[in-house]
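On a predicted model such as this, the values are computed, not experimentally measured, just so you know.
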Amino acid sequence: MAAVKTDNRLTSSQSFVCVGFAGIFSKTFTSPLEVVKIKSQVGTFHCKKGFWQSFVLVYQNEGLRAFWKGNLVSCLRLFPYTAVHITTYKQIVHLHMDEAGFISQWRAIFAGGLAGVAAALTTYPLEVAETRLIVQNSREPTYIGIVHTISKINRNEGLFSLYRGFSLTVLGAFPFSVGCYAVYMNLDQLWREPQFRFTPLQNLISGCVAAGVAQTLSYPFETVKRKMQAQSSRLPHFGGVDVHFNGMINCFVQIVKNNGFFSLWNGLTASTVKIVPYFCLLFTCFEMCKQVFLYRNGYIISPLSYKPTPGVDQSLGPYELEEVKRYLKNRNFETEESSLRKCW
């Protein structure tokens, strides 16, 4: 959902660390909203009395720590997901670039969708584990930890269960990409200026709006996916799912039949409320981490300021800048050595 702009002044590993740090911090802070959202999607009893009451019921039945159930696996999933997503995205974009290195915004968003599907496939068992850990009652747990969750699902339900509902990730990627495209196509008109002139605040607002529209369009697919991940005949109350079904299509039918069409958007309130703090923390933490690396690389005078280092070409990459520094250092050394010889 979230995206941060890459900076050519950072190495690939530094960008990866920045994204990971920002993702972990923002996910951890907004974890209570994620827990309520997933419980609402699955249909556990916590969500029967509305958005605010859901927090009260979770706290009363499972305690404060329950709001961070599944957060560890969600954070661990972030690293392989990001690595696969970035690598796949770069490969797809490279294939669609023209001779001048240009790619249309629609193709870039489409590439992002395909990269997201590839990353989701790689890390899907971790997502299933996250859902199971969140849905279960932490005071009477069926699963204890990430490894135990995945191994128990594999042993009792088979390997295929770790990928149950994955096809919905693929199906949901299309309306999600359409939502992003629809927003970004109209940003110029919204702000009345070209995108390269957007301020950080404008980029933040644009990201929030795009995420809100995109997730609303793809939300029914995620709701069905979460129910498929949670339901199991080997769990108490079939995993807490509020409808019983056989397969993806039947799940859609049973949801609409038993709970109504708009129940496909259960938990959307929590998910929407989560967008603003998530994006704010994501971008803020990313920028903080980036400043530390830019200072380390020699581009800025302080990790607390973006003021450029005098005499440093900001268009150079980190390795190129290092080569320039090494060259200048060697040249200065040779000049000093030559001066000493003349003195003797």
Side-chain angles (χ1 to χ4, degrees), residues 1-27 29 78-79 82-83 85-87 89-90 93-94 97-98 100-105 108-109 111-112 184 187-188 190-211 276-339:
M1 182 186 294
V4 288
K5 288 187 176 181
T6 57
D7 193 319
N8 293 329
R9 295 173 297 175
L10 301 178
T11 65
S12 298
S13 59
Q14 288 173 342
S15 296
F16 184 75
V17 170
C18 289
V19 172
F21 170 73
I24 287 174
F25 196 89
S26 54
K27 278 179 176 291
F29 186 85
L78 182 67
F79 290 98
T82 302
H85 191 282
I86 291 176
T87 303
Y89 178 75
K90 286 182 177 179
V93 166
H94 182 73
M97 279 184 177
D98 58 21
F102 174 79
I103 182 172
S104 67
Q105 196 161 41
I109 292 174
Y184 282 110
L187 286 179
D188 294 356
L190 176 66
W191 297 114
R192 300 181 183 277
E193 58 183 341
Q195 292 187 31
F196 66 86
R197 291 183 180 175
F198 288 178
T199 65
L201 179 59
Q202 287 175 317
N203 281 322
L204 174 63
I205 294 173
S206 301
C208 289
V209 173
V276 174
Y278 180 85
F279 267 73
C280 286
L281 287 169
L282 184 76
F283 286 112
T284 301
C285 293
F286 181 84
E287 291 300 318
M288 288 173 58
C289 189
K290 186 175 81 170
Q291 281 183 253
V292 172
F293 283 122
L294 288 179
Y295 172 70
R296 183 179 180 275
N297 292 348
Y299 289 100
I300 56 179
I301 61 174
S302 167
L304 302 177
S305 170
Y306 268 120
K307 187 176 180 179
T309 302
V312 173
D313 187 349
Q314 301 290 323
S315 65
L316 293 176
Y319 296 116
E320 293 173 320
L321 182 60
E322 191 64 31
E323 286 294 323
V324 170
K325 287 181 178 179
R326 190 178 295 112
Y327 170 75
L328 292 175
K329 184 178 180 181
N330 291 335
R331 192 178 70 172
N332 291 336
F333 176 77
E334 290 173 357
T335 302
E336 291 175 2
E337 187 179 41
S338 177
S339 299

Original post:
Quick one: side-chain contact (heavy atoms from CB on, under 4.5 Å) partners of Gln14, sequence neighbours excluded?
Top reply: Leu10, Thr11, Phe293, Arg296, Asn297
Subject >> Residues in salt bridge (Lys or Arg N to Asp or Glu O under 4.0 Å) contact with Glu320, at least two apart in sequence or another chain >> reply: none
Original post:
For Glu322, which residues count as a side-chain hydrogen bond (donor to acceptor under 3.5 Å, both in side chains) partner, sequence neighbours excluded?
Top reply: none
Original post:
Parallel, tilted or perpendicular for Phe25 and Phe21, by the 30°/60° rule?
Top reply: tilted
Subject >> Main-chain N/O of Gly23 paired with Ser26 side-chain donor or acceptor, under 3.5 Å >> reply: yes
Subject >> Under the side-chain contact (heavy atoms from CB on, under 4.5 Å) test, residues paired with Gln314 that sit two or more places apart >> reply: Arg9, Tyr299, Pro308, Val312
Original post:
Roughly how far apart are Ser15 OG and Asn8 CG, rounded to 0.5 Å?
Top reply: 8.5 Å
Subject >> Gap between atom CG of Leu204 and atom CG of Leu282 - 0.5 Å precision >> reply: 9.5 Å
**OP:** Please identify each residue that fulfils ring-ring contact (aromatic ring centres under 6.0 Å, His included) with Phe16, with sequence neighbours left out.
**Re:** Phe79
Original post:
Does a side-chain heavy-atom distance below 4.5 Å link Ser305 with Ile300?
Top reply: no
Subject >> Straight-line distance of His85 NE2 to Leu78 CG, nearest 0.5 Å >> reply: 11.5 Å
Subject >> CA sep, side-chain torsions, deciding dist, call: His94, Tyr89, side-chain contact (heavy atoms from CB on, under 4.5 Å) >> reply: CA-CA 8 Å; His94 182 73; Tyr89 178 75; over 6 Å; no
Original post:
Can you list the residues that meet the side-chain contact (heavy atoms from CB on, under 4.5 Å) rule with Ile301, with sequence neighbours excluded?
Top reply: Lys307, Thr309, Pro310
